[in-house]
Undergrad: 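Have a look at the structure that comes next, please.
Treat the numbers as computed from the prediction; the structure is a model and nothing was measured.
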Amino acid sequence: MSFLSKVWFVTGSASGLRRSIAEVRLLNLMAIVVTFSTPVIYSFAADTPLLLEPHNLIVDHSLPKEEADTQIIAARRYDTFWSTGDETLARASLAPNFVDNTFPAGRPQGIAGPLAASRLMRFAIPDLRCEIEQMIVAGDRVVTHLRFRGHFTGRFGQFQGQGQTINFIATDIYRVADGRIAENWHIEDNLTLQQELGLIPK
């Protein structure tokens, strides 16, 4: 028995068959629209399963759930960018007028800064990954405590890596506005990182 015969069998009438055929055509059309739209639209639902999950999430429950969820997604996107180097995630999570309030000398302001920093780190530590050990959401701020791991097998300035293990932490404070990170204050454990890279003695 064909699919249409089964539909007719269930509906039991010719008018029911016509209605069912119309419904099937509508469902097929919707499937086509979804198939062609999904790769183009960068929606929360599309990338959320691929983002880093915080090991410990603390949320101010006075925040409306939708607002808190939006801030969490922005922070998870940006933190996943640091773990993967996927610049699409950085551009999706940062506001066009993003300001880094603690950027080091020589790093460009705005979105270009994190992109340059990520490339520099990955040139030295190609397998660099991070985890979100803690995430705290309160007001329009998200605080993330990150742990970075990898191996120094590339180059950092004049230094060639010998496979040294890298394991250091960083803390970021994001101000989120309209679903994107507008400002960031951050501090990294640069002492540990420089010791692990062999730039300074332990």
Side-chain angles (χ1 to χ4, degrees), residues 26-27 29-103 107-119 121-122 125 127-150 167-189:
L26 178 61
L27 288 173
L29 179 60
M30 289 171 64
I32 291 169
V33 170
V34 169
T35 300
F36 283 97
S37 299
T38 300
V40 178
I41 298 173
Y42 201 91
S43 66
F44 286 0
D47 67 356
T48 299
L50 306 176
L51 302 180
L52 291 178
E53 289 274 5
H55 296 315
N56 190 13
L57 177 61
I58 303 165
V59 180
D60 172 6
H61 292 293
S62 69
L63 280 175
K65 184 178 185 306
E66 184 177 347
E67 183 179 341
D69 288 348
T70 299
Q71 293 177 192
I72 291 166
I73 290 293
R76 288 176 61 201
R77 279 182 174 155
Y78 191 53
D79 294 343
T80 304
F81 152 69
W82 284 110
S83 187
T84 64
D86 183 350
E87 297 185 359
T88 303
L89 289 170
R91 293 189 175 93
S93 59
L94 299 177
N97 58 348
F98 166 74
V99 174
D100 183 342
N101 290 296
T102 48
F103 70 104
R107 182 182 297 178
Q109 183 55 274
I111 296 175
L115 299 183
S118 174
R119 292 177 197 135
M121 290 297 291
R122 292 189 177 281
I125 312 164
D127 65 344
L128 185 68
R129 292 289 182 270
C130 78
E131 299 175 45
I132 308 172
E133 295 202 340
Q134 300 181 67
M135 181 179 287
I136 303 167
V137 185
D140 62 354
R141 308 299 161 107
V142 179
V143 179
T144 60
H145 172 208
L146 306 174
R147 180 167 297 279
F148 289 85
R149 292 186 173 91
N167 186 339
F168 70 99
I169 61 172
T171 301
D172 287 64
I173 304 172
Y174 310 135
R175 181 177 70 82
V176 182
D178 300 321
R180 294 195 176 192
I181 298 169
E183 293 184 84
N184 185 19
W185 295 260
H186 56 92
I187 186 167
E188 294 79 27
D189 182 4

Undergrad: If I compare all heavy atoms of R180 with all of P96, which pair ends up nearest, and what's the gap?
TA: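 Closest approach of R180 to P96: NH1-CD, 4.4 Å.
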Undergrad: Which atom names give the shortest non-hydrogen contact between A74 and V176, and what distance separates them?
TA: CB-CG1, 4.4 Å
Undergrad: When you look at R77 and L51, which way does the side-chain contact (heavy atoms from CB on, under 4.5 Å) test go after all the steps?
TA: CA-CA 6 Å; R77 279 182 174 155; L51 302 180; 3.7 Å; yes
Undergrad: With a 4.5 Å heavy-atom cut-off, do V99 and N101 have their side chains touching?
TA: yes
Undergrad: Test of understanding: with side chain to side chain contact (heavy atoms under 4.5 Å, CB included), list the residues that count as partners of A138, not counting sequence neighbours.
TA: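 D60.
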Undergrad: Would you find a donor on one side and an acceptor on the other, under 3.5 Å apart, between the side chain of T80 and the backbone of L52?
TA: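 Checked: pair present.
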Undergrad: Just verifying a value: how many Å separate W82 CH2 and L89 CG, rounded to the nearest 0.5 Å?
TA: 12.5 Å
Undergrad: Determine whether more than 12 heavy atoms belonging to other residues, nucleotides or ligands lie under 6.0 Å from atom CG of N56.
TA: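 Correct, the count exceeds 12.
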Undergrad: I'd like to check T144 versus T171 (side-chain heavy atoms, cut-off strictly below 4.5 Å). Are they in contact?
TA: no
Undergrad: Can you run down the ring-ring contact (aromatic ring centres under 6.0 Å, His included) pairs that involve residues 128-147, sequence neighbours left out, and say none if there aren't any?
TA: none
Undergrad: Could you check whether any side-chain heavy atom of N184 comes within less than 4.5 Å of a side-chain heavy atom of Y78, counting everything from C-beta outward?
TA: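 Side chain of N184 against side chain of Y78, heavy atoms only: contact under 4.5 Å found.
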Undergrad: What closest approach, in Å, do A182 and A95 show between heavy atoms, and which atom pair accounts for it?
TA: CA-CB, 4.1 Å
Undergrad: Looking at side-chain heavy atoms only, is the closest gap between F103 and P114 below 4.5 Å?
TA: no
Undergrad: Taking everything shown except I58 itself, do over 12 heavy atoms lie less than 6.0 Å from its CD1?
TA: yes
Undergrad: At what distance, to the nearest 0.5 angstrom, does CD of E53 lie from CG of D79?
TA: 12.0 Å
Undergrad: What are the two closest non-hydrogen atoms of C130 and S83, and how far apart are they?
TA: N-OG, 3.2 Å
Undergrad: Nearest heavy-atom pair of L115 and A90: which atoms, and what distance?
TA: CD2-CB, 3.8 Å
Undergrad: Strictly below 4.0 Å, N to O, side chains only: are R147 and E131 in salt-bridge contact?
TA: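 Looking at R147 and E131, the cut-off is not met.
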Undergrad: Nearest 0.5 Å, please: how far is CZ in R122 from CG in L128?
TA: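 If we round to the nearest 0.5 Å, L128:CG and R122:CZ are 5.0 Å apart.
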Undergrad: With the side chain counted from C-beta on, respond yes when V142 and I72 share a heavy-atom pair under 4.5 Å apart, and no when they do not.
TA: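 The answer is no; the side chains never approach within 4.5 Å.
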Undergrad: So which heavy atom on F98 is nearest to which on E183, and how close?
TA: CE1-C, 4.1 Å
Undergrad: In the structure I gave you, are the side-chain heavy atoms of F81 and S93 within less than 4.5 Å of one another anywhere?
TA: no
Undergrad: Does R175 reach the side chain of W185, with side-chain heavy atoms less than 4.5 Å apart?
TA: yes
Undergrad: Do the side chains of Q71 and L63 get nearer than 4.5 Å, heavy atoms only?
TA: yes
Undergrad: I'd like to know whether M135 forms a side-chain contact (heavy atoms from CB on, under 4.5 Å) with R76, so could you lay out the CA-CA distance, the side-chain angles of the two residues, the decisive distance to 0.1 Å, and finally the verdict.
TA: CA-CA 9 Å; M135 181 179 287; R76 288 176 61 201; 3.9 Å; yes
Undergrad: If you measure from CD1 on I181 to CG on D100, what distance do you get to the nearest 0.5 Å?
TA: 11.0 Å
Undergrad: Measuring from R129:CZ to L146:CG, what's the distance to the nearest 0.5 Å?
TA: 14.5 Å
